[in-house]
Structures are given as structure tokens and as C-alpha cells.
Amino acid sequence: MSQQRHPLFMPLIFVGGLIFGFGLGFSHMARPEVVLNFLQFEDFGLLFVMGGAAVVTGLAFALVPRLRERAPLTGAAYGRRLKSFDRNVLIGGGIFGVGWGLSGICPGAAYASLGVGNVTILWAIAGMFVGAYAQGYWRSQRTAAETISAGAD
């Protein structure tokens, strides 16, 4: 699949990330105190940001597949990737929510927060890496155990 990607795919991803990060910094959404004020029902600015993003995303998911048969930069056909709602989703969502509430920042905005000079966010970024590593290790151990038990049958 990566051989079929348009040559501008990676540069556009990079530029899109820069624009997104700049937008988070400019709108002060990369500041943990803004997020914590939202979570404490004191400031609803973040609600409008997330609502606007949900509307734009919803429209894009509804309209773009009707206008184009394939994604312009990857050439992949549009399709839904349905994931099961299970225990892992609940546990992961709970951990994400607790981390978001404790640090006042979500993973994407954490890097933008670092870019606006919040060096204490490095603790949250370190926590994200430790959590991702632990989850990957746990999943690999679980997969290995399932493979061994399937081979014993």
C-alpha cells in the first residue's frame, strides 16, 4: 500500500500536523488549564471546538465517499472499519479519561503544549509512552499465550 501513495502524502501529513498544532496553540486549547476548566464545567470553549470538529468530520465521512471512489493520496478505497465494543475499549477509554483529567491534556495537544513552552507536560508525554509500551507488551504476551494454547490443542 505504501508504494501506491502519492509522493506528497508524507509532506501533507506533516503540514497538516503543523497547522493542527498551531491551531491548538493559537486557540489556547493546548493549555492544560483550559482543558481542566472545561472538565470542571467552568469554560465551554472546548465543547465548541470539539463540536465543530465532529460536524466537519461527520460531513466529510458522509460526503467524500460519494464524491470520490478512492482516497486521493493513498489510492485506497473508502470503507468503514468497524471495531468491536469490548472490555479493552472500556478499559482503554477509562485510562485515557483519567489521564486526560489528571494532566489536562490529550495526546495530540500534549505536543502542541510542549511547542507553546509548557515543559512540565513532558511528564504527561512520558506517561503516554510508558502506557503505550505497557499496553503493547501486555498485548504481545496475551497473543503469545493464545498462540501457545492454540498450538497445544
Could you pull out the closest heavy-atom pair between [X] and [Y], with the gap in Å?
X     : Y     : value
Pro32 : Ala30 : CD-O, 3.6 Å
Ser27 : Gly23 : OG-O, 2.8 Å
Pro11 : Pro7  : CD-O, 3.6 Å

Co-membership, hydrophobic cluster, residues [X] and [Y], 4.5 Å side-chain:
X      : Y      : result
Trp123 : Ile121 : no
Met50  : Val35  : yes
Ile95  : Val89  : no
Phe38  : Val34  : yes
Met29  : Ile105 : no

Would you find more than 12 non-hydrogen atoms of other residues, nucleotides or ligands less than 6.0 Å from [X] atom [atom1]?
X     : atom1 : answer
Glu69 : CD    : no
Phe61 : CZ    : no
Phe44 : CZ    : yes

- [ ] May I ask you to test the Leu18-Phe22 pair for a side-chain heavy-atom distance under 4.5 Å?
- [x] no
Could you tell me the separation between the [atom1] atom of [X] and the [atom2] atom of [Y], rounded to the nearest 0.5 Å?
X      : Y      : atom1 : atom2 : answer
Gln135 : Asn88  : CD    : CG    : 7.5 Å
Asp43  : Leu36  : CG    : CG    : 11.5 Å
Leu122 : Met128 : CG    : CE    : 9.5 Å

- [ ] List for me each residue that meets side-chain contact (heavy atoms from CB on, under 4.5 Å) alongside Phe96, sequence neighbours excluded, and say none if there are none.
- [x] Cys106, Pro107
Task: Residue pairs fulfilling side chain to side chain donor-acceptor pair (under 3.5 Å) with at least one residue in residues 89-118, sequence neighbours excluded - done: Ser113-Asn118, Asn118-Thr120
Task: Under the salt bridge (charged side-chain N to carboxylate O under 4.0 Å, His left out) test, residues paired with Glu42 that sit two or more places apart - done: none
TODO: Ignoring hydrogens and angles, tell me if any N or O in the side chain of Ser140 forms a donor-acceptor pair with the backbone of Tyr137 under 3.5 Å.
DONE: yes
